[in-house]
Every structure is written in structure tokens, then in C-alpha cells.
Colleague: 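If you scroll down you'll find the structure; I have some questions about it.
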There are 2 protein chains.
Amino acid sequence: MEHAPRQNLGISAYHWLKRDIIRGTFQPGQKLLMSRLKERYDLGIGPLREALSQLVAERLVVAISQRGYRVAPMSLAELADLYDARAQIEGLILRLAIERGDDAWEADILATAHTLAKVVEVNTSDELLDVWDTRHKAFHTAIASGCDSPHLLQVRQSLFDKVERYRHLWLRETVLSEAALEAKRSEHAALVDVILRRDAERAARMMRDHLMTPVPIITEVMQRQGIA
Amino acid sequence: MEHAPRQNLGISAYHWLKRDIIRGTFQPGQKLLMSRLKERYDLGIGPLREALSQLVAERLVVAISQRGYRVAPMSLAELADLYDARAQIEGLILRLAIERGDDAWEADILATAHTLAKVVEVNTSDELLDVWDTRHKAFHTAIASGCDSPHLLQVRQSLFDKVERYRHLWLRETVLSEAALEAKRSEHAALVDVILRRDAERAARMMRDHLMTPVPIITEVMQRQGIA
DNA sequence: AACATCAAGAATATCGACAAAGGATGACAT
DNA sequence: ATGTCATCCTTTGTCGATATTCTTGATGTT
């Protein structure tokens, strides 16, 4: 049997830390004690520093010389700018995708849209959220991939990583009602329709609006939790 | 007197390494021997790994597990995609800047455009290139900053960092003739003109074209040097 | 004779532990 | 109550052991 390509501990530590920061296990602004991390992940200091350095480059962690590492703070200002930037980038990518996408691209959009729309058999709420979120991501990724530019997709991904902390806040606080789900469903259907009609300008505007809808809700959640 | 905030060795190593990679001191694809780096920068392994991790996150260095680090390879495919992505992003940012920029923004554009246009008193060729390049960057940064979005500007910066290796190739190979300089000057003047007239669509198109002009030249240089 | 395969040795990356330097917190004195 | 000092904790840099990988040379096969 072929061994998994045994990635080194630094990479693993990076993924675990990133996951825990995004899921809110470590609070924004919290100090990341080496001793705590060491016992939590059962690792040496070397791999941890390596992982933290990468997260600093991604702006998920901030480093202060001689004073260690802290989780990057969250703020309403960052929320607003981040979502705005992401909406603009997604709009740009969509415009290019409509310009450049081929038949396989269209087929992929229809396929992922279909599986996303089929999320109705609600079991537990948690499981619903997980499934819905996964398929939602796949749907949007399918749309974006039509732009056919690795670097633009990479930019998109990096913004998405930064957004995920805020999105997570939203997903955890929001119970997706049947009504809300239906509203999203129709938004997505309209989006698919406009995209397949290759109406770039209108599609980009719809995408931007679609992506900005969570902002007021997240703002409210943050103010309630005093993260302001 | 205030002390310089004595940054740790990892940060310093990061800057030195980045500079040497961008300037081509380390060839694309070249293996980065720890022993070589150790003696070159007179540092231990810890800080070096820290710096390399950050460069991996920026995609300027690639890490292969258990097989060390290599300088990220350069290719014609990456050149094309990178410049395309950058041109699209700059176009987007410019459109937003025209929408959102205020009087101070306009003033800053005029100021930096003026200092850039004044680069005529040619001394040594190297010095000319340095001065021109610095002012050129300042000019474009002034334009972009009008979008008023830290995250978009950060995306722009990260793409620029990746582009710099290719740009450096261009700047080193190209002797800026008086004719070429004059051509650039008129392009910039036209750009400023359209921006101040707030013609977003036309300005974005001009900016994209302006940024794509070096691509054929760089392509030729790379083919000649066999980096293809 | 040339090429592929394999094995042994050397080099290198990777990890954990140890020592030094710099801040932060708390107590004590004024 | 405030300023100063001492102690503790944390970060930071280097060193040494271990496991993995690359290279080189020899052997067998075509």
C-alpha cells in the first residue's frame, strides 16, 4: 500500500491552527502561548513557529517582536472592507468567466446548482449547515473557475480564508429557516439564469449584491457579542 | 532617542531572502541549501525556516516535504497569467478609485505624475532606472490608493511582489531609450487625463493595456535566456 | 558494450531540548 | 497613590540526535 506523502509537522500544525482560528476556538486578539499550543497539538516549538509564520503572511495571526503571537483581531471596519473587496473581486472574476467560460464550465455550474438546490431533507441542524455550506462553496467555486486564471482564483481563495471567520460567526448564529433557504435558492437560480444568458454586467451586479447580503446580519451579531 | 524596534532575525532573513530572490541572485528552481543560506546570511536554521515559511505562503518559494526548499520556478505560462490577473485587478481598482476618490487623491496623482515626468536628467543608466522605477511605482500606487480598500490594496501588493521578478528581468535587459521613455510619458499623461475626467470604463481599459505592454518583451527575454 | 537496477554511504532536513535575552507583573517603599 | 525594582515567565536563538533522501558505484541483463 502506498503511504500518504507524509507531510512534515509544520504543515499539519498550520492546518490545525488555521482551522481552530477560523472556527473561533481561539478568540480574536487572544495571545497564542507557545506552551499552550505545544501541549494542545503535542508538537515542538520548531513546527509551531513555522506554522505561525505562514499564518502571519496570511494576516490571520499578528506577530509582535519579542512579544509573541496573537490571533488577528476582528472589527466591524475589517468586516465591511473584507466583504466589499471580496464582492468586487468575485464580480470581476464572474465577468471574466462569462467572457471565457466554455461548455464544461456551464455544465459544472448546472450540476453544482442542482445538488445545492436539493438540500431540503433536513436532518439535524448542524448536519444541514455542513452539507449546505459545502455545496454552496462548490457552487460558487464552479462559477469562479471559469475565469481560467490560477492567480485570480488564488486571490479569491485567500480572501475567502480571511472571510471564513466572519462567515462562521454567521453560520453558527443563524438558524437557516426554510424561508431563508428558499430565498437563497431563488437568488442562486436567478444567478444561474443570468450567467447562462451571458449577461456579464447584470450578472456581476447580482453577484456583488448576493455576496453582500450577510453583512448586516454579521454586523448585528458582532455588536451583540461586543466584538465591535 | 527612540530605538529602532529591533525586529527579530526571522523578519530580517525574510527581507534579505525576498530581495535576493526577486533580484535573481537565486535562480528560479534553484535549491536553497540550508548550509549555503546559513553561511550567506550568518544565521541559524530556526530564523531561516521562519523566513522560508513566509515566502512559501507568498508562493515565492516552494517547499517539498523532506526535500527542502526551492526558489519558485518561472514560466511563460505564469508570466501570462500573472500579468493578466494583475491588469484585471488594477483595472478594477482604478474603476473603484474613480468612483470613490476625493480631491486629495487627484492631487496626489498629479504630484507623483509630475515628479515621474521630470525624470530626464540622465546620469548613470543604473541610477536612472532606480529613480524612474521608484517614481513609477509611486505614481501607480497613488492612483490605486483611491479605491480606499486596504484589502484590495493588499491583493494588489501581493501580485506586485510576484510580478517583480519578471519586471526585474525586463528592467535589467531593457535599456530605457529616450524614445521609450517619451512613449511611457505620453501613456501616463493620457492616463492622468482620462482619470481626472472620471471616465471609468475608458480609464480601466487604458490601464489594462498599459500594464500588458511589457509582456511581449519579457517573453522574448525569457525565451532568449531559455527560461521557457 | 550499454543500460537498467540495486545497494551502501554520505549528506541533509527535521525534530526536540537547552541556554540567554527581553518584557510583564507584582510587591515594596516613598 | 505612584514610581521603582526584582523576580518570573515568555520568547528567541543555537546545538545535537534521528530519520529520510540523494548520489555514487557496482552488478546483472539485454
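Numbered from 1 within each chain, the chains take letters A, B, ... in sequence-line order. Only heavy atoms go into these numbers, but all of them, side chains included; no hydrogens, no water, no symmetry mates.
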Colleague: Using atom names, set out every protein N or O paired with an N or O of nucleotides 10-12 of chain D below 3.5 Å, distance rounded to 0.1 Å.
Modeller:
{"unit_1": "D/dT11", "atom_1": "OP2", "unit_2": "A/M34", "atom_2": "N", "d": "3.3"}
{"unit_1": "D/dT12", "atom_1": "OP1", "unit_2": "A/Q66", "atom_2": "N", "d": "3.2"}
{"unit_1": "D/dT12", "atom_1": "OP2", "unit_2": "A/R49", "atom_2": "NH1", "d": "2.9"}

Colleague: Can you tell me the distance, in whole Å, between the CG atom of B/L52 and the P atom of C/dT14?
Modeller: 10 Å
Colleague: For the residue pair B/H151 and A/K162, confirm or rule out a side-chain donor-acceptor distance under 3.5 Å.
Modeller: yes
Colleague: Apply side chain to side chain donor-acceptor pair (under 3.5 Å) to A/Q157 and list each qualifying residue two or more places apart in sequence or on a separate chain.
Modeller: A/D161
Colleague: Quick one: list whatever passes ring-ring contact (aromatic ring centres under 6.0 Å, His included) with B/H210, sequence neighbours left out.
Modeller: B/H140, B/H188
Colleague: Report the distance from atom CZ of A/R70 to atom C1' of C/dA24, rounded to the nearest whole Å.
Modeller: 12 Å
Colleague: Could you give the CG-to-C1' distance, from B/L48 to D/dT14, as a whole number of Å?
Modeller: 12 Å
Colleague: Only pairs under 3.5 Å count here: list side-chain donor-acceptor contacts from residues 36-49 of chain A, not counting sequence neighbours, and write none if there are none.
Modeller:
{"unit_1": "A/R40", "atom_1": "NE", "unit_2": "A/D20", "atom_2": "OD2", "d": "3.3"}
{"unit_1": "A/R40", "atom_1": "NH2", "unit_2": "A/D20", "atom_2": "OD2", "d": "3.3"}
{"unit_1": "A/Y41", "atom_1": "OH", "unit_2": "A/D20", "atom_2": "OD2", "d": "2.6"}
{"unit_1": "A/R49", "atom_1": "NE", "unit_2": "B/E50", "atom_2": "OE1", "d": "3.2"}
{"unit_1": "A/R49", "atom_1": "NH2", "unit_2": "B/E50", "atom_2": "OE1", "d": "2.8"}
{"unit_1": "A/R49", "atom_1": "NH2", "unit_2": "B/E50", "atom_2": "OE2", "d": "3.3"}

Colleague: Which whole-number value in Å describes the distance from B/Y41 OH to D/dG13 P?
Modeller: 17 Å
Colleague: Once salt bridge (Lys or Arg N to Asp or Glu O under 4.0 Å) is applied, do any residues pair with A/E106, and if so which ones, sequence neighbours excluded?
Modeller: A/R198
Colleague: So what does A/G46 touch, heavy atoms closer than 4.0 Å: a base, only the sugar-phosphate, or nothing?
Modeller: nothing
Colleague: Return all side-chain donor-acceptor pairs below 3.5 angstrom for residues 82-96 of chain B, not counting sequence neighbours, or 'none' if the list is empty.
Modeller:
{"unit_1": "B/D84", "atom_1": "OD1", "unit_2": "A/R100", "atom_2": "NH2", "d": "3.3"}
{"unit_1": "B/D84", "atom_1": "OD2", "unit_2": "A/R100", "atom_2": "NH1", "d": "3.3"}
{"unit_1": "B/D84", "atom_1": "OD2", "unit_2": "A/R100", "atom_2": "NH2", "d": "3.2"}
{"unit_1": "B/E90", "atom_1": "OE1", "unit_2": "B/R156", "atom_2": "NE", "d": "3.3"}
{"unit_1": "B/E90", "atom_1": "OE2", "unit_2": "B/R156", "atom_2": "NE", "d": "2.7"}

